[in-house]
Amino acid sequence: MAKLIDGKRISAEIKDELKREVAEWKEKGKEAALAVIQVGNDPASSVYVRNKKRACEYIGIGSLNYELPEETTEAELLDLIAELNAKKEVSGILVQLPLPKHMDEDKVIRAIDPAKDVDGFHPQNVGALVIGQKGFVSCTPAGIIELLKRNDIEIDGKHCVVVGRSNIVGKPMALLMLRENATVTVTHSHTTNLKEICKQADILIVAIGKNQFITADYVKEGAVVIDVGIHRDENNKLSGDVKFDEVEPLASAITPVPGGVGPMTIAMLMNNCVETMRYTI
Ligand SMILES: Nc1nc2c(c(=O)[nH]1)N[C@@H](CN(C=O)c1ccc(C(=O)N[C@@H](CCC(=O)O)C(=O)O)cc1)CN2
């Protein structure tokens, strides 16, 4: 019987800790405000943007929401980002991904002031992570580290297999696990012996975007399984990249979907927003 890693509970704990900290900073005259830009009306993105706004309100920081139509041009979006970069009262900026196909996501991310890049996607922040310097760390990988630590799951010396190499999860996740002294294997669509590699994992982190792809035959008895995937069926029922019912009996600990990694993304975004209060003069 696997230990259920309860991201919903831990994210609530973190938001309560941040709520108290924000109150202290505000007493010292410090403020923070998060600007969230959504282009188009992807239903899942609208849920996440709403959750981010609610989290800002809960911890006591400002939130400015910009809902732009799908046909917004890249130039118009870049102009808005430039405006927000220049606004002193805006301490964090994020552009909800994915963007419409006519936009270059990398170019848009590079336009955000790295000091306001609370998603941790800007090359300057990613570079800082690579060389072990200070910078914003992307929220989902940071949330997974927090889940492991707050569940007293040992990372140092463990073999961690990351399935997927995206810029917003897989790659930063590998770097964070390395920073925690895990031995890290990153797999991807060109990995030929995926099942054999996954079965070697003490900690298996799955972020491939394939519904319930990881089944019991990919998992070593007693492994810790972290599911980053999120899929909705026609009845709006959520599932992950891991076949939970099959894998749970094998694992020593596992994250559910929903209620695992997802809420931690929001909590760690709030932490990055509060970080701007800790380091402003
Ligand atoms: N600019 C960004 N875009 C995207 C990010 C990101 O970190 N920055 N990550 C994902 C989406 N994401 C945040 O934006 C995100 C995904 C899931 C959840 C979450 O709380 N999931 C819940 C279920 C919520 C629901 O009812 O659907 C759960 O798993 O329990 C929060 C944020 C891609 N885009």
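Atoms within each ligand, like the ligands themselves, are counted from 1 in listed order.
Neither the backbone nor the side chain of Lys8 comes within 4.0 Å of ligand 1, counting heavy atoms alone. Here Val95 has backbone heavy atoms under 4.0 Å from ligand 1, and that is the only part of it that gets that close.
Considering both main-chain and side-chain atoms, Tyr48 never comes within under 3.5 Å of ligand 1 through any nitrogen or oxygen pair. Ligand 1 has no nitrogen or oxygen under 3.5 angstrom from a nitrogen or oxygen of Thr265.
Test Ile266, Asn65, Leu269, Ile61 against Cys56 for side chain to side chain contact (heavy atoms under 4.5 Å, CB included) and you get one pass: Ile61.
A cation-pi arrangement is present between Lys19 and Tyr58, with the terminal nitrogen or guanidinium carbon under 6.0 Å from the aromatic centre and inside a 45° cone about the axis.
Counting heavy atoms only, Leu97 comes closest to atom 34 (N) of ligand 1 of the residues Thr255, Asn51, Leu97, Val261.
In the displayed structure, Lys116 atom NZ is contacted under 6.0 Å by more than 12 heavy atoms of other residues, nucleotides or ligands. Heavy-atom contacts from other residues, nucleotides or ligands closer than 6.0 Å to NZ of Lys8 number 12 or fewer. Annotation for Asn181: atom CG counts as buried by contact number, over 12 foreign heavy atoms lying within 6.0 Å.
Closest approach of His122 and Arg110 over heavy atoms only: NE2-O, 3.3 Å.
In this structure, atom 20 (O) of ligand 1 lies nearest to the protein heavy atom Gly262 C, 3.4 Å. The shortest contact between atom 1 (N) of ligand 1 and any protein heavy atom is with Asp119 OD2, 2.7 Å. Shortest contact from atom 30 (O) of ligand 1 to any protein heavy atom: Gly259 N, 2.6 Å. Protein heavy atom closest to atom 9 (N) of ligand 1, with residue, atom name and distance, is Ile168 CD1, 4.3 Å.
Side-chain N or O atoms of Glu105 include one that pairs as donor or acceptor with a backbone N or O of Leu99 at under 3.5 Å. In this structure, Thr265 contributes its side chain and Cys139 its backbone to no donor-acceptor pair below 3.5 Å.
The closest approach between any non-hydrogen atom of Leu94 and ligand 1 is below 4.0 Å. For the ligand labelled ligand 1, residue Arg232 lies inside the 4.0 Å heavy-atom shell.
Each of the following atoms of ligand 1 lies closer than 4.0 Å to a heavy atom of Lys52: 2 (C), 8 (N), 13 (C), 14 (O). Listed by number with element, the atoms of ligand 1 under 4.0 Å from a non-hydrogen atom of Pro258 are 28 (C), 29 (O), 30 (O). Taking a cut-off of under 4.0 Å to the non-hydrogen atoms of Ile230, the atoms of ligand 1 that pass are 21 (N), 23 (C), 29 (O).
Using modelled atom types, one finds a donor on one side chain and an acceptor on the other under 3.5 Å when comparing Arg278 with Asn271.
Using a 4.0 Å threshold on non-hydrogen atoms, atom 4 (C) of ligand 1 counts as touching the protein.
Ring to ring, Phe213 and Tyr218 are close: their centroids are under 6.0 angstrom apart.
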